[in-house]
S.K.: 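Sharing a structure below in structure tokens format, with a few things to ask.
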Amino acid sequence: MAMNRRAQDYGADPLAVRDTNHYQSEYIHGFVEKWDELIDWDARARSEGDFFIRQLKEQGARKVLDVATGTGFHSLQLLRAGFEVTSADGSPTMLAKAFDNARRRDFILRTIHADWRWLNRDVHDFYDAVICLGNSFTHLHNDNDRRKALAEFYATLRHDGILILDQRNYDAILDHRIEPTHNYYYCGDNVRATPEYVDETLARFRYEFPGEHVFHLNMFPLRKGYVRQLLREVGFQKVTTYGDFQETYHDTEPDFFIHVAEKS
Ligand code: SAM
């Protein structure tokens with residue numbers, strides 16, 4: 001089972017691994033532990049400020065579904081800010097870690113183990129907002145899976161709900177071959193994240209931690225315009241894209257884009 005695996009397994013040809021289901025075995029226990037140990041939650045909170053809380057409050061959202069809980073950073077922030085939060089993820093390793101992180105901070109997470117492509121099999125409620133953050137959507141390797149996931153997010157939203165989804169600025173990497181600055185999501189000096197290989201359908205990142213711990217993630221390099229188009233095609237009426245938490249930005253500068261998609 002993925003939870004017990006000791007090393008990531010990309011087989012003989014790692015660049016050939018372009019499969020949506022692979023996220024389950026990428027987030028092995030050792031990687032999740034290192035990630036959480038070395039990514040500084042306080043620094044991350046300072047970088048993001050109250051951006052997501054403000055967005056949610058402006059839209060009058062109260063009940064939030066975090067579909068990419070990971071180790072629980074945003075779920076906990078929103079719980080602390082008084083939102084009613086449900087925390088979903090397709091990885092049991094991640095959910096276990098998130099639950100533990102919350103419990104150590106005196107919160108009990110309401111968790112749901114669900115893959116986005118079949119989200120509504122397991123999520124039987126409606127939400128004011130769905131959040132999919134930390135460059136998570138990049139794990140879907142084909143167009144059909146992306147449309148299916150977005151349609152599932154759309155379906156669990158109330159008629160006036162919003163989806164907040166972020167992504168790394170892959171356009172800059174694909175077009176200009178520049179290394180992102182990693183200010184926002186890999187806070188601290190302990191983690192070095194570099195694009196080891198990039199083409200139009202694969203971004204393979206290398207994550208180096210002290211003590212020669214090296215992990216990889218094979219992701220799909222989402223172009224900003226494509227994601228905006230997908231959001232509109234699944235039915236969202238208005239899509240606003242921010243660069244590194246600002247409304248105005250130069251296209252090559254931001255590390256991350258944040259899309260706020262409104263259902264009505
Ligand atoms: N949002 C967290 C953060 O910012 O720290 C976690 C981000 S982590 C990069 C991506 C998360 O998405 C992982 O926890 C992974 O298990 C989850 N994920 C990837 N593909 C998924 C899918 N198809 N269905 C459900 N969860 C998925």
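Positions are given from 1, in the same order as the sequence printed here. Remember, it's 1-based here, ligands and their atoms both numbered in the order they're listed.
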S.K.: Would you name the heavy atoms of Phe126 and Leu157 that are closest together and state the gap between them?
M.R.: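 Taking Phe126 first and Leu157 second, the nearest heavy atoms are CD2-O, 4.1 Å.
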S.K.: I'd like the name of whichever of Gly90, Gly134, Ala68, Ala98 reaches closest to atom 2 (C) of ligand 1 through any heavy atom.
M.R.: Ala68
S.K.: Run the numbers for me: atoms of ligand 1, each under 4.0 Å from some heavy atom of Arg44, listed by number.
M.R.: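 Atoms satisfying the 4.0 Å criterion: 3 (C), 4 (O), 5 (O).
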S.K.: Under 4.0 Å, heavy atoms only, figure out whether ligand 1 is touched by the backbone of Arg146, its side chain, both or neither.
M.R.: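 Neither part.
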S.K.: Using a heavy-atom cut-off of under 4.0 Å, does the side chain or the backbone of Asp115 touch ligand 1, or both, or neither?
M.R.: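 It is both backbone and side chain that touch ligand 1.
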S.K.: May I ask you to check whether His213 and Tyr207 place their ring centres under 6.0 Å from each other?
M.R.: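 Not close enough - the centres of the two rings lie 6.0 Å or further apart.
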S.K.: Any atoms of ligand 1 less than 4.0 Å from a non-hydrogen atom of Asp89? List them with their elements.
M.R.: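 Listed by number with element: 11 (C), 13 (C), 14 (O), 15 (C), 16 (O), 17 (C), 26 (N).
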S.K.: Can you list the ligand 1 atoms lying under 4.0 Å from a non-hydrogen atom of Ser91?
M.R.: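 So the answer, numbered in order with elements, is 16 (O).
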S.K.: Answer with yes or no whether the hydrophobic clustering places Tyr23 together with Ile131; edges join I, L, V, M, F, W, Y residues whose side-chain heavy atoms lie under 4.5 Å apart.
M.R.: no
S.K.: Is the contact between Phe73 and ligand 1 made by the side chain, the backbone, both, or neither, using heavy atoms and a 4.0 Å cut-off?
M.R.: neither
S.K.: Could you check whether any heavy atom of His22 sits closer than 4.0 Å to an atom of ligand 1, since that is the contact criterion I want to use?
M.R.: no
S.K.: Kindly say whether the aromatic ring centers of His216 and Phe205 come within a distance under 6.0 Å.
M.R.: no
S.K.: Within a reach of under 6.0 Å around NE2 of His159, are more than 12 heavy atoms found that belong to other residues, nucleotides or ligands?
M.R.: no
S.K.: Is ligand 1 under 4.0 Å from a heavy atom in the side chain of Thr69, in the backbone, in both, or in neither?
M.R.: backbone
S.K.: Can you figure out which of Gly70, Ala149, Ser136 has its heavy atom closest to atom 7 (C) of ligand 1?
M.R.: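 Nearest option to atom 7 (C) of ligand 1, by heavy atoms: Ser136.
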S.K.: Do you know which two heavy atoms are closest between Trp41 and Gly72, and how far apart they sit?
M.R.: CH2-C, 3.9 Å
S.K.: Less than 6.0 Å separating the ring centroids of Phe257 and Tyr242?
M.R.: no
S.K.: Can a non-hydrogen atom of Thr71 be found less than 4.0 Å from any atom of ligand 1?
M.R.: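 No heavy atom of Thr71 comes that close to ligand 1.
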S.K.: Considering only NZ, NE, NH1 and NH2 on the basic side and carboxylate oxygens on the acidic side, decide whether Asp50 and Lys57 come within less than 4.0 Å.
M.R.: no
S.K.: Any idea which atoms of ligand 1 are less than 4.0 Å away from a heavy-atom of Leu133?
M.R.: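 Close to Leu133: 1 (N), 2 (C), 4 (O), 7 (C).
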